[in-house]
Visitor: 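Here it is, the structure, as structure tokens.
Below, read A as the first sequence line, B as the second, and so on, with proteins coming before strands; counting in each chain starts at 1.
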There are 2 protein chains.
Amino acid sequence: MAREVAERADIVPVLAEIFREHGFAGASLALITARTGLGKGSLYHFFPGGKEEMAAAVLADIDGWFEREIYVPLRAGEDADGARTSLAAMFTNVDAYFRSGRRSCLIGAFALGDTRGRFAVIIDGYFWRWQMALAGALARAGHASSPVDLAEEVLVGIQGAIVLAQARDDEDVFRREMARLRARCGLMA
Amino acid sequence: MAREVAERADIVPVLAEIFREHGFAGASLALITARTGLGKGSLYHFFPGGKEEMAAAVLADIDGWFEREIYVPLRAGEDADGARTSLAAMFTNVDAYFRSGRRSCLIGAFALGDTRGRFAVIIDGYFWRWQMALAGALARAGHASSPVDLAEEVLVGIQGAIVLAQARDDEDVFRREMARLRARCGLMA
DNA sequence: TCCTGACTGTACCTTTCAGTACACAGAGAG
DNA sequence: CTCTCTGTGTACTGAAAGGTACAGTCAGGA
């Protein structure tokens with residue numbers, strides 16, 4: 001038997017793309033073995049809980065990425081200038097991560113329909129921590145009036161832009177919404 | 001055998017709820033027979049093309065509803081006042097239809113992931129006709145500058161509000177976004 | 001060196017899947 | 001009454017689903 005040792009960490013991003021493209025129910029083990037190149041033996045070695053554990057690992061991985069790359073920087077910028085810089089960085093990173101709307105938000109997609117129930121805690125946490133970190137940065141950047149509300153508006157805009165960009169198969173839909181949101185956050189370049 | 005004659009038109013809304021809750025891949029025939037109360041015989045009598053034809057019928061039904069209840073009224077209001085009235089009606093009907101974000105947008109959900117490919121034409125048409133009808137009404141209501149852009153912004157907001165409201169399990173998220181969009185369309189009540 | 005334990009492929013299990021076949025029920029037309 | 005045509009339930013199919021069992025493979029440590 002050819003032995004090519006794999007690591008759990010290498011598999012998770014592949015699983016993420018599969019769940020993004022096919023959803024939880026549509027991601028069959030046959031598809032997963034084909035795309036990861038791993039047999040069921042290896043798969044169940046790394047994820048004894050099966051598909052459910054795979055999806056949970058993917059969500060945790062995504063959550064970790066956003067925590068590191070988005071939320072932490074948002075919380076970091078202490079003065080108004082630092083806050084504005086981290087806000088600008090957020091929009092740049094979000095555009096790159098979602099590939100201008102070509103890549104869907106797995107956590108948003110899982111929030112729709114019955115999949116939500118299985119992963120409610122992580123879904124809720126993901127959006128809540130994002131909104132709070134963003135609201136803090138907005139407040140420090142000078143939006144004293146209603147930063148929590150504006151933060152909600154931004155998250156709604158991002159999620160909606162992903163849906164509409166995919167529906168229309170047009171990246172510009174996403175980019176235009178990002179420009180509107182940037183402007184609303186006082187980031188006219 | 002008990003004979004309770006069903007009509008295709010009565011089944012479609014039930015199918016719609018099933019697809020909304022479980023997605024295309026997750027909606028099994030077993031689930032469908034249970035929820036509709038119809039055996040496979042009847043189901044395949046009405047929809048010889050199976051699940052795919054059921055989903056297509058559902059999407060066509062939804063599309064027809066929006067055409068009748070939303071797009072036609074939007075196109076109807078001829079003067080500024082009529083346009084403003086139809087805009088207000090749109091927000092009221094959208095809030096009712098999506099049950100303040102408790103009910104997801106099936107067409108938006110199908111746009112994410114591989115399901116889109118099967119129904120690309122109807123998905124694209126749904127959003128495009130909505131945006132054009134809305135842009136016309138906005139223009140007549142006095143938004144001469146960029147009505148097509150504002151219409152896109154509204155659709156993005158509605159879709160995003162559904163995602164975030166479901167993720168957070170909170171109708172108020174949806175209602176707040178509707179209030180923002182109304183204001184942006186010049187409809188302060 | 002051999003032993004241990006992490007990893008891997010394959011054969012197999014039960015259940016469920018979408019879909020088919022077909023006999024039958026019943027209402028309306030003649 | 002009978003004939004026809006639209007529905008309906010049920011038994012069935014082969015394929016695919018998720019998951020288990022297990023023998024085997026190799027690297028690293030003792």
Visitor: Could you tell me the separation between the CZ atom of B:Arg8 and the P atom of D:dT6, rounded to a whole number of Å?
Guide: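 So the two atoms are 15 Å apart, to the nearest Å.
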Visitor: Could you check whether the rings of A:Phe19 and A:Phe110 sit parallel, tilted or perpendicular, using 30° and 60° as the cut-offs?
Guide: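 Ring orientation of A:Phe19 relative to A:Phe110: perpendicular.
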Visitor: Using the side-chain heavy atoms of B:Leu29, tell me which of these nucleotides is nearest: C:dG19, D:dA17, D:dG19.
Guide: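 Among C:dG19, D:dA17, D:dG19, the one nearest the side chain of B:Leu29 is C:dG19.
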Visitor: Describe, in one word, how the ring planes of B:Phe66 and B:Tyr97 are oriented to each other, choosing from parallel (under 30°), tilted (30 to 60°) and perpendicular (over 60°).
Guide: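 Rings of B:Phe66 and B:Tyr97: perpendicular, over 60°.
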Visitor: Taking CE from B:Met54 and P from C:dA18, how many angstroms apart are they, rounded to a whole number?
Guide: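 Taking atom P of C:dA18 as the reference, CE of B:Met54 is at 9 Å.
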Visitor: Starting the side chain at C-beta, find the nucleotide from C:dA18, C:dC17, C:dA6 nearest to A:His45.
Guide: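 That would be C:dA6.
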Visitor: Which is true for A:Ala27 with a 4.0 Å heavy-atom rule: it touches a base, it touches only sugar-phosphate, or it touches nothing?
Guide: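 Sugar-phosphate contact only - A:Ala27 comes under 4.0 Å of backbone atoms but never of a base.
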Visitor: Pick base, sugar-phosphate or nothing for B:Gly41, based on heavy-atom distances below 4.0 Å to the nucleic acid.
Guide: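 Answer is base: heavy atoms of B:Gly41 come under 4.0 Å of a base.
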Visitor: Between A:Pro48 and A:Ser28, who's closer to the 5' end of DNA chain D by nearest nucleotide?
Guide: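 It is A:Ser28 whose nearest nucleotide is closer to the 5' end.
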Visitor: In whole Å, I'd like the distance from the CZ atom of A:Phe47 to the C1' atom of D:dT20.
Guide: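 Interatomic distance, CZ of A:Phe47 to C1' of D:dT20: 18 Å.
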Visitor: Ignoring hydrogens and angles, state whether a donor on the side chain of A:Arg175 or A:Ser100 is under 3.5 Å from an acceptor on the partner side chain.
Guide: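 Side-chain D/A pair, A:Arg175 to A:Ser100: present.
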Visitor: Can you find a donor-acceptor N/O pair under 3.5 angstrom joining the side chain of B:Lys40 to the base of C:dG19?
Guide: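 For B:Lys40, whose side chain was compared with the base of C:dG19, there is a donor-acceptor pair (under 3.5 Å).
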Visitor: Contact class for B:Phe46 (heavy atom, under 4.0 Å): base, sugar-phosphate, or nothing?
Guide: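 Since only primed, P, OP1 and OP2 atoms lie under 4.0 Å of B:Phe46, the category is sugar-phosphate.
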Visitor: Round to a whole Å and report the spacing from CD1 of A:Ile32 to P of C:dT8.
Guide: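 About 16 Å, once rounded to whole Å.
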Visitor: Whole angstroms only, please: what is the CG-P distance between A:Leu31 and D:dG18?
Guide: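 Interatomic distance, CG of A:Leu31 to P of D:dG18: 9 Å.
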Visitor: Rounded off to whole Å, could you give me the OH-to-C1' distance for the A:Tyr44 and D:dA23 pair?
Guide: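 Roughly 20 Å, once rounded to whole Å.
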Visitor: Please tell me whether B:Gln131 and A:Arg168 have a donor and an acceptor in their side chains that are separated by less than 3.5 angstrom.
Guide: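 There is such a pair between these side chains.
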Visitor: Round to a whole Å and report the spacing from CG of B:Leu43 to P of D:dT6.
Guide: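 After rounding, the reported distance stands at 18 Å.
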Visitor: From the options C:dT10, C:dG9, D:dT8, select the nucleotide whose nearest atom is closest to the side chain of B:Leu38.
Guide: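 Nearest to the side chain of B:Leu38 among the choices is D:dT8.
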Visitor: B:Lys51 has a side chain; which of C:dA18, D:dG19, C:dT8 sits nearest to it?
Guide: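 Side chain of B:Lys51 sits closest to C:dA18.
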Visitor: Got a salt bridge between A:Glu153 and B:Arg184, using NZ or NE/NH1/NH2 to carboxylate O under 4.0 Å?
Guide: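 Yes, charged N to carboxylate O under 4.0 Å.
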